[in-house]
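Structure first, then comments.
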Amino acid sequence: MIANGGAKRGFAPETQDESPCHTGGSELSEIPPCTLVLFGATGDLTSRKIIPALFSMHTQGLLPPDFQVVAFARRPKTDTSFREDLQHSIRQFASRLNADGEEWTKFAASVYYVQSDLDDAEGYQRLSQRLLELEKGQAQRRLFYLATPPDYFSTIIQHLGTAGLNQAEGPDGWARIIIEKPFGTDLESARQLNNLLRPVFKEDQIYRIDHYLGKETVQNILVLRFANQIFEPLWNQKYIDNIQITVAETLGMEGRGAFFEHAGITRDIVQNHALQVLTLIAMEPPCSLNADAIRDEKVKVLRSIRPIEGHEAVAASTVRGQYGPGVTAEGEAVSGYREEGNVDPHSSTETFAAFRFHLDNWRWSGVPFYVQAGKRLAKRTTSVRIQFKAVPEVLFARQACSGVQPNVLTLRIQPDEGASLEIGSKTPGPQLQVHPVEMNFEYGSSFNAPIRDAYERLILDAIRGDASLFARDDEVEAAWSIITPILEAWRDLSCPLFPNYQAGSWGPEAANTLLREGTVWTRP
Ligand code: BG6
């Protein structure tokens with residue numbers, strides 16, 4: 001018996017002589033058959049993300065041969081009726097994929113349904129039996145995907161352990177578990193979840209998903225930083241004035257009011273997606289591209305973030321907001337957060353949050369990292385804005401030349417994926433005038449390939465046994481250590497007068513108070 005996540009892990013070769021561009025885990029062409037066991041199979045995430053990702057991977061030939069999906073869920077369904085439901089989801093949520101052709105028929109034939117309560121030990125025995133039948137004596141390679149609400153995680157994990165499904169028979173077998181966010185709601189609950197997992201699955205079997213890490217443009221942060229000589233010498237407090245990370249969404253609750261009421265934007269976006277981006281921007285070069293080498297460096301960044309603790313520090317370094325009614329950029333009148341379904345009409349949940357973080361380490365001492373995230377903002381954009389220091393005020397300033405601006409490197413994570421660098425240039429004409437111009441790189445025009453959904457990459461990596469793009473236990477806890485004291489202080493501090501920004505705007509004015517002079521928030 002072995003209970004491992006697969007022998008070969010990491011984004012990079014384990015020996016010096018392998019190709020440095022090896023993408024970790026097994027090579028695509030070598031991925032052996034495996035089965036994905038899906039919990040939460042009738043939920044929203046399955047319909048909108050997981051099944052479209054799997055079917056898209058199937059059409060691209062990215063799934064291993066004899067790949068199978070076994071859904072484990074409570075509702076009474078048969079294999080056939082479940083397949084029909086999935087076909088309907090593809091039509092509804094992934095219309096770019098053809099759910100009516102031969103490929104769908106082939107894919108659907110490898111999907112099975114096991115009906116059981118999530119808390120029924122006998123159901124897990126049936127699951128085990130079904131897996132053995134489907135594997136037909138081949139090695140047991142099983143990926144358990146927990147896409148349920150987090151309340152069920154503990155029950156499922158314990159039953160998997162009791163049924164022995166946390167281990168795989170045979171030398172080539174493996175058992176891995178993917179856990180969806182939210183991974184805890186604060187430091188204590190994240191620790192509890194890690195403690196619950198540890199006796200059942202080893203760390204190298206656990207894949208904590210943060211779908212931001214599956215985005216091409218997020219992965220490109222490391223490539224941009226470490227595959228180009230020109231950035232690294234400037235990537236520090238000597239040359240960078242401040243860094244801004246923005247995760248702005250135009251959507252409101254979209255039926256998720258009940259979840260969001262308890263989460264708020266800080267738990268939903270900042271603790272995970274925004275801090276993941278921050279760590280990739282701020283980390284030291286890892287000693288290899290191996291999963292643990294990358295994650296070691298990310299944890300070091302999180303640990304170097306100066307704690308924002310106590311009422312005074314929290315009041316000075318954070319701003320919360322909640323949207324009221326307003327008009328979107330498309331001219332649609334929309335209601336305020338408190339009028340959304342399943343939301344308390346007096347809710348104090350934040351739909352916008354902004355933070356000023358400082359990293360107490362050699363590279364970033366004195367450089368503020370501003371982070372803002374919000375729902376129902378003016379424009380959908382996720383970006384990183386790196387503002388360099390101004391040039392010394394000689395030469396052009398002496399000529400009363402007003403246009404000299406600091407250089408700004410913007411990484412556009414989505415939409416309009418790419419990067420741009422603002423540089424000062426001479427305005428044509430007899431006078432010496434400087435004007436900022438943009439050097440621009442766009443994924444769309446530079447590569448003749450569509451940007452795939454993040455879930456495709458992440459599921460493939462979990463199948464291959466590459467955990468580089470998944471969060472490790474200490475990483476998740478370190479992120480919660482930063483966020484939890486802020487959430488606690490907000491609970492005690494008097495809440496701002498909500499709503500304090502209009503839907504369709506850029507958030508509360510108060511967010512400007514966090515910025516140092518000469519800095520403005522990203523408003524693309
Ligand atoms: C999810 C959040 O993790 O990320 C959602 O729960 C949010 O509230 C979503 O809308 C954003 O993801 P993306 O890929 O659309 O930026």
Start with the C-alpha gap between Gln60 and Phe55, add the side-chain angles, then the distance that decides, and say whether side chain to side chain contact (heavy atoms under 4.5 Å, CB included) holds. CA-CA 9 Å; Gln60 296 166 71; Phe55 180 45; over 6 Å; no

Within the 4.5 Å heavy-atom criterion, are Asp473 and Ile206 side-chain neighbours or not? no

Are any non-hydrogen side-chain atoms of His273 and Lys181 less than 4.5 angstrom apart? yes

Counting neighbours of CZ on Arg91 that are heavy atoms of other residues, nucleotides or ligands and sit closer than 6.0 Å, is the number greater than 12? yes

Among Ile305, Leu278, Val270, which residue meets the side chain to side chain contact (heavy atoms under 4.5 Å, CB included) test with Ile482? Ile305

Can you name the salt bridge (charged side-chain N to carboxylate O under 4.0 Å, His left out) partners of Glu103, sequence neighbours left out? Lys106

Donor-acceptor pair, Arg126 side chain versus Gln115 backbone, under 3.5 Å? yes

Would you call the rings of Trp104 and Phe107 parallel, tilted or perpendicular, where under 30° means parallel and over 60° means perpendicular? tilted

Is the backbone of Glu169 close enough, under 3.5 Å, to the side chain of Gln140 for a donor and an acceptor to pair up by distance? yes

Residues Phe39, Leu160; criterion side chain to side chain contact (heavy atoms under 4.5 Å, CB included); working and verdict: CA-CA 11 Å; Phe39 296 86; Leu160 287 174; 4.0 Å; yes

So, does Arg306 use its side chain to make a donor-acceptor pair with the main chain of His358 at under 3.5 Å? no

Gln167 side-chain N/O to Ala175 backbone N/O, donor-acceptor pair under 3.5 Å: no

Looking at CD1 of Ile459 and CD1 of Ile209, how far apart are the two atoms once the value is rounded to the nearest 0.5 Å? 6.5 Å

Interatomic spacing from CD in Glu477 to CD in Glu188 - rounded to 0.5 Å: 9.5 Å

Below 4.5 Å, heavy atoms only, C-beta onward: do Phe183 and Leu193 meet side chain to side chain? yes

So, does Thr162 use its side chain to make a donor-acceptor pair with the main chain of Gln158 at under 3.5 Å? yes

State whether a side-chain donor-acceptor pair under 3.5 Å links Gln322 with Thr351. no

Evaluation steps, ring pair (Phe, Tyr, Trp, His ring centres under 6.0 Å), between Tyr124 and Phe72: CA-CA 9 Å; Tyr124 290 79; Phe72 185 83; 4.7 Å; yes

Using side-chain heavy atoms (C-beta onward) and a distance below 4.5 Å, is Gln271 in contact with Leu487? no

Considering only heavy atoms from C-beta outward, does the side chain of Glu180 approach that of Tyr145 to under 4.5 Å? yes

Is the side chain of Trp174 donor-acceptor paired with the backbone N or O of Gln205 at a distance under 3.5 Å, no angle test? no

Any heavy-atom pair between the side chains of Val37 and Val114 that's under 4.5 Å? no

Using the rule given for salt bridge (Lys or Arg N to Asp or Glu O under 4.0 Å), can you reason through Arg295 versus Asp474, listing the C-alpha separation, both sets of side-chain angles and the distance that settles it, and then say yes or no? CA-CA 9 Å; Arg295 298 186 300 181; Asp474 52 348; over 6 Å; no

Between Glu456 and Ser56, do the side chains contain an N or O donor and an N or O acceptor separated by less than 3.5 Å? yes

Distance-only polar pair, side chains of Asn195 and Arg198, donor-acceptor under 3.5 Å: yes

Applying side-chain hydrogen bond (donor to acceptor under 3.5 Å, both in side chains), name anything that partners Glu261, two or more places apart in sequence or on another chain. Tyr337, Ser347, Thr349

If we ignore hydrogens and angles and just use 3.5 Å, is the side chain of Trp480 paired with the main-chain N or O of Ala190 as donor and acceptor? no

Do we see a donor-acceptor contact under 3.5 Å between the side chains of Glu135 and Gln68? no

Polar side-chain atom of Ser189 near backbone of Gly184 as donor-acceptor pair, under 3.5 Å: no

Assess, by modelled atom type and distance only, whether the side chains of Asn194 and Arg208 contain a donor and an acceptor separated by less than 3.5 Å. yes

For Ile483, run the side chain to side chain contact (heavy atoms under 4.5 Å, CB included) check against Thr266, Asn272, Leu187 and tell me which one passes. Thr266

Are the side chain of Gln244 and the backbone N or O of Val384 linked by a donor-acceptor pair below 3.5 Å? no

Can you tell me how the ring of His211 sits relative to the ring of Tyr455, calling it parallel under 30°, perpendicular over 60° and tilted otherwise? parallel

Say whether Thr318 and Trp490, considering side chains only, have a donor N or O and an acceptor N or O under 3.5 Å apart. yes

Do any N or O atoms from the side chain of Asp210 and from the backbone of Tyr212 form a donor-acceptor pair under 3.5 angstrom? yes

How about OH on Tyr152, more than 12 heavy atoms from neighbouring residues, nucleotides or ligands closer than 6.0 Å, or not? no

